[in-house]
Structure formats: structure tokens, C-alpha cells
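Below is one structure, written out as C-alpha cells; the observations come after it.
Below, read A as the first sequence line, B as the second, and so on, with proteins coming before strands; counting in each chain starts at 1.
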2 protein chains.
Amino acid sequence: MKDFLPKVSIKVNDKIYLKDPESSELGRKIIAGSIEMIEELGFENFTFGKLAQRISSTEASIYRYFESKHYLLLYLVTWYWSWMEYRLMFGLANIDSPEERLEKAITLLTEQVKEDGAFGHINEIKLNKIVICESSKAYLTKEVDTENREGIFSAYKQLVARVSDIVLEINPSYKYSHMLVSTLIEGAHSQRFFADHLPRLTDIVEGEDAIIEFSKEMVFQSIKKKNGK
Amino acid sequence: MKDFLPKVSIKVNDKIYLKDPESSELGRKIIAGSIEMIEELGFENFTFGKLAQRISSTEASIYRYFESKHYLLLYLVTWYWSWMEYRLMFGLANIDSPEERLEKAITLLTEQVKEDGAFGHINEIKLNKIVICESSKAYLTKEVDTENREGIFSAYKQLVARVSDIVLEINPSYKYSHMLVSTLIEGAHSQRFFADHLPRLTDIVEGEDAIIEFSKEMVFQSIKKKNGK
DNA sequence: CAAATATAAAAGTATCACTATCATTTGTGA
DNA sequence: TCACAAATGATAGTGATACTTTTATATTTG
């Protein structure tokens with residue numbers, strides 16, 4: 001997967017931005033800079049003013065790309081989900097057994113991102129941390145419904161649908177495949193956050209990555225075919 | 001549980017408030033009003049100015065009770081967890097079988113709160129909705145660690161520990177009891193939100209409460225004793 | 001080279017989080 | 001009933017921030 005990929009670039013729903021940040025140097029600096037700063041400061045302490053200063057530009061210029069910092073967050077999160085789907089497609093290619101594919105998918109979705117690289121200005125490690133700490137703030141708002149109608153969340157929905165399909169391949173009569181997958185993803189994020197900040201809500205196990213292990217067990221046990229069902 | 005309870009009142013860690021809102025009429029109006037308004041407007045659109053107007057008081061007076069709206073949210077969420085633990089203790093009293101107790105606990109933790117009443121000025125139905133939409137914002141901040149050191153989150157941790165103990169009673173060798181319980185609680189919140197706003201992330205089933213069913217299945221399947229383990 | 005376009009510079013508005021001051025009300029104890 | 005303290009109200013003020021507007025200056029492109 002690593003080195004000789006055709007140059008792919010991840011496309012984000014164009015309702016999220018006013019001007020495509022991939023289309024200019026300044027746009028890419030906005031993305032790169034905001035990833036750095038949101039990871040450092042947290043979303044609430046992050047402002048366009050500070051970002052402008054960091055990238056030696058101005059607030060007004062940033063506002064030409066994104067209508068608000070909320071939309072910038074949506075952009076980052078959406079980019080992440082699209083990237084995740086891309087990773088998933090590559091990671092699962094040529095694996096026949098649906099069980100193996102599901103296991104690999106769970107690993108990809110729940111592990112801590114460690115490599116940074118394929119996409120120039122985007123630091124995937126930091127972006128992963130942002131998604132863990134901030135992504136729920138992108139949808140836990142009073143504007144969800146409007147934004148959802150505009151397709152803002154479709155990258156996430158599509159990812160969930162894709163993994164859900166693998167679940168159904170393994171057990172077509174399992175009734176809660178979407179719930180299971182979205183619980184898996186959101187749950188793994190919470191658990192990563194808890195492990196770092198509220199460890200008594202988790203079970204730290206030396207050596208192994210407990211979050212991945214726990215997730216796999218949870219998913220595979222849940223979808224086991226039971227007698228009558 | 002309903003009618004003739006001795007007057008209990010739920011105590012919240014006194015580091016959360018400057019002055020106990022239970023100790024005065026104005027304090028109770030702040031709590032009652034903020035529950036109404038946060039549920040209506042969402043946490044980000046809610047301000048002390050608007051609240052002051054609604055309860056015919058002033059911003060300055062509200063600041064005598066809470067040092068910021070973040071702390072007011074912490075108060076509400078903490079109250080909710082303490083209340084939940086209280087409900088749990090009553091709900092599980094006199095049930096011997098740990099399986100039955102766990103099942104009941106899952107119902108209490110994941111169902112939509114429907115009764116409002118025992119605690120005068122607090123609307124538990126609306127508070128439950130607030131917890132679903134806003135509670136993660138109470139800890140997903142850069143100040144978690146400091147606040148955690150002050151014991152701000154101990155009500156939640158205690159609740160998780162209590163349910164975790166039931167899990168361990170059923171299967172003492174299950175390694176991830178805290179993770180399972182915190183995933184259960186957070187997961188049920190996400191799913192309730194998704195069901196209302198992003199339904200493609202869930203599986204709506206007519207008739208039954210799919211979220212409760214899914215949660216029970218997930219928990220009981222996860223903790224099943226396996227051959228060697 | 002001219003025209004369009006993107007960015008910078010700077011100033012301005014509205015709201016909000018939070019503080020400070022002082023007057024008024026209310027409750028309490030002697 | 002008076003005297004005092006505590007709680008609340010009224011009002012103003014500060015500094016940040018989200019976002020807008022205008023105008024000037026680069027930069028690109030045809």
C-alpha cells in the first residue's frame with residue numbers, strides 16, 4: 001500500500017467549504033495549520049485569528065475557504081472518514097474470508113494511527129487524535145439535521161455501511177449491523193480518550209492493545225449465530 | 001420506588017459549584033431554567049445572559065453559583081449520574097441473580113427516561129436528553145486532567161464500577177468489564193442520537209426498543225464464558 | 001500587458017464570557 | 001423592632017471571539 005500508489009487525493013463534499021483548500025497553497029496551509037493547532041489547543045481554544053497568525057495570513061483570507069470553524073472541523077473529520085474508507089479498501093483487497101476481512105477492518109478502525117505520510121500536508125497521526133477528541137462535536141449540534149440533509153455526513157455513513165456489509169456477509173440474520181459498527185467506531189474513540197484521561201473507565205492491560213482486543217471480541221461475539229436465530 | 005420515598009436529595013461534588021444551587025430558590029431556578037434552555041437551544045447557543053432573562057435574574061447572580069457555563073454543565077451531568085446510581089440501587093434491590101440484575105441495569109442505563117417527578121425542580125426527561133447530546137462535551141476538553149484530579153468525574157466512574165462489578169460476578173475472568181460498561185453507556189447515548197438524527201448509522205426496528213435489545217445482546221454475548229478462557 | 005482573481009491589511013460589529021461596583025432587598029438575631 | 005449581614009439586582013465595563021466589510025496589493029492568466 002505504501003509507496004507507489006497513483007496520486008490519489010481525497011475529495012470532500014463541496015458543501016463543506018467555500019473554496020477547495022486543496023486548490024491552493026494557502027488552502028493547504030490552512031489545513032495543515034489547523035490540524036496542528038486543534039490538536040495542540042483543543043477545538044474550543046482554537047480560533048481563526050490564531051491560525052492566521054501561525055500561517056502568516058489573515059482571518060479574512062481563511063474565511064474565504066471556510067464559513068466557520070465548525071465547517072473546518074467538518075472538513076477535517078470528513079477527510080478522515082474518506083481516508084479511512086480508502087485505507088479499508090486497500091487493507092481488505094484480496095482477502096476472501098469475510099471473517100478475516102472483518103477482523104482487519106476492526107483493527108484499522110480502532111488502532112491508533114501511527115504512520116503519517118501519503119498525503120503531503122496532512123498529518124494523519126494528529127488528525128486521528130483530533131477525530132478521537134473532537135469529532136463528536138461536529139455532529140452533536142442543533143444544526144445536524146440541516147447539515148445531514150446536505151449530505152455532510154455521508155462519508156461516515158458510507159464507511160459504516162461498508163463494514164456493516166461484511167458483518168451481514170458473516171451473519172445475514174444479524175439485526176443490528178449498523179448499530180454494531182457505529183458503536184464499534186465511536187466506542188473505540190471513547191476508549192482511547194478514557195485510556196489517556198479517565199483510565200478508571202477502562203481496563204488497561206499491559207502488552208496487548210486492549211482496545212483492539214476488546215473491540216474484536218465484542219463484535220465477533222455479538223454476531224455469533226445463536227441456536228434459533 | 002415512586003411515591004413515598006423519604007426525601008432524598010442528590011449531592012454533587014462541591015468543587016463543581018461556587019454556591020450550592022440546592023440551597024436557595026434562585027439556585028433551583030438556575031438549575032430548572034438551564035435544563036429547559038440547554039435542551040431547547042443546545043449547549044453552544046445557551047448563554048448565562050439568556051438564562052438570566054428567562055428566570056428574571058442577572059448574569060452576575062448566576063455567576064455567584066457557577067464559575068462558567070462549563071461548570072453548570074458538569075453540575076447537570078454529575079447530578080444525572082448520581083441520580084442514575086440511585087435509580088440503579090433501587091431498581092436492583094432484592095434481585096438475587098446477577099444475570100437478572102445486569103439485565104435490569106442495562107435497561108435502566110440505556111432506556112429513554114420517561115418519568116419526571118421525584119426531584120421537584122429537575123425535569124429528568126429533558127436532563128436525559130441533555131446527557132445524550134451534551135455530556136461528552138463535559139469531558140472532551142483540554143481541562144479534563146485537572147478536573148479529573150479534583151474528583152469532578154467520580155460519580156460517573158463510580159457508576160461504571162458498580163455495573164462492572166455485576167459483570168464480574170457473572171464472569172470473574174472477563175478482562176474488559178469497565179470498557180464494556182462505559183462502551184455500553186456511551187454507545188447507548190450515541191445510538192439514541194443517531195436514531196433521531198442520523199438513522200442510517202442505526203437499525204430501526206418497529207415495535208421493540210432496538211437500542212435496549214442491541215445493548216443487552218452485546219453485553220451478554222461479550223461476557224459469555226468461552227471454552228478455555 | 002491588461003484584466004481578473006487571490007490575498008493582505010485594517011477596521012468595524014455584535015455577542016459573549018466574565019468581572020467589578022454599588023444599591024437594594026431579605027432574612028436573622030438581639 | 002432595630003441593626004446587621006448576606007443575597008440579589010442593576011448597571012457598566014473589559015477583553016475575546018466570530019464574522020464582515022472595504023480597500024489596497026500581489027499574483028495569475030489570457
Do other residues, nucleotides or ligands put more than 12 heavy atoms under 6.0 Å from A:Glu143 CD?
-> yes
Is the side chain of A:Thr202 donor-acceptor paired with the backbone N or O of A:Leu198 at a distance under 3.5 Å, no angle test?
-> no
Residues of residues 28-40 of chain B with any non-hydrogen atom less than 4.0 angstrom from an atom of DNA chain D: list those, numerically ordered, please.
-> none
When you check the gap from the basic side-chain N to the acidic O, do A:Glu40 and A:Lys50 get nearer than 4.0 Å?
-> no
Think B:Ser57 has a side-chain N or O under 4.0 angstrom from the OP1 or OP2 of D:dG9?
-> yes
Identify whether the distance between the nearest side-chain nitrogen and carboxylate oxygen of A:Glu124 and A:Arg87 falls below 4.0 Å.
-> no
Pairs where residues 25-49 of chain A contributes a residue and the test ring pair (Phe, Tyr, Trp, His ring centres under 6.0 Å) is met, not counting sequence neighbours = A:Phe48-A:Tyr63
Send over the distance from B:Glu67 CD to C:dC18 P, rounded to a whole Å.
-> 8 Å
Whole-Å distance separating the CD1 atom of B:Ile55 from the P atom of D:dA7 | 17 Å
Within a reach of under 6.0 Å around CZ of B:Arg200, are more than 12 heavy atoms found that belong to other residues, nucleotides or ligands?
-> no
What integer distance in Å separates B:Leu26:CG from C:dG27:P?
-> 13 Å
Contact string for nucleotides 23-30 of chain D, one letter per nucleotide 5' to 3', B = base within protein heavy-atom range under 4.0 Å, S = sugar-phosphate only, - = neither, reads --------
Just wondering, more than 12 heavy atoms not from A:Arg54 lying within 6.0 Å of its CZ?
-> yes
Supply the atom-to-atom distance A:Trp81 CH2 to A:Ser135 OG, rounded to the nearest 0.5 angstrom.
-> 6.0 Å
How does protein reach along nucleotides 13-18 of chain D, written 5' to 3' as B (base within reach of a heavy atom under 4.0 Å), S (only sugar-phosphate), or - (no contact)?
-> ----SS
Integer-rounded Å distance: C:dT5 C1' and A:Glu25 CD = 17 Å
Among A:Leu92, A:Val181, A:Thr107, A:Val219, find the residue that satisfies the side-chain contact (heavy atoms from CB on, under 4.5 Å) test when tested with A:Leu102.
-> A:Val219
OP1 or OP2 of D:dG9 sitting under 4.0 Å from any side-chain N/O of B:Ser61?
-> yes
Which whole-number value in Å describes the distance from B:Tyr71 OH to C:dC18 P?
-> 11 Å
For B:Leu41 and C:dC16, what is the distance between atoms CG and P respectively, to the nearest whole Å?
-> 10 Å
Could you name each residue pair satisfying ring pair (Phe, Tyr, Trp, His ring centres under 6.0 Å) that touches residues 18-37 of chain A, not counting sequence neighbours?
-> none
Rounded distance in Å - CD (B:Gln53) to P (C:dT15) = 12 Å
Is the shortest side-chain N to carboxylate O distance from B:Glu44 to A:Lys137 below 4.0 Å?
-> no
How would you list, by chain and number, every residue that makes a salt bridge (Lys or Arg N to Asp or Glu O under 4.0 Å) with B:Glu147, sequence neighbours excluded?
-> none
Across the strands shown, which category fits B:Ser56 at heavy-atom distances under 4.0 angstrom: base, sugar-phosphate, nothing?
-> sugar-phosphate
Any side-chain N or O of A:Tyr65 under 4.0 Å from OP1/OP2 of C:dT7?
-> yes
Do any side-chain nitrogens or oxygens of B:Lys19 fall under 4.0 Å of OP1 or OP2 in D:dT8?
-> yes
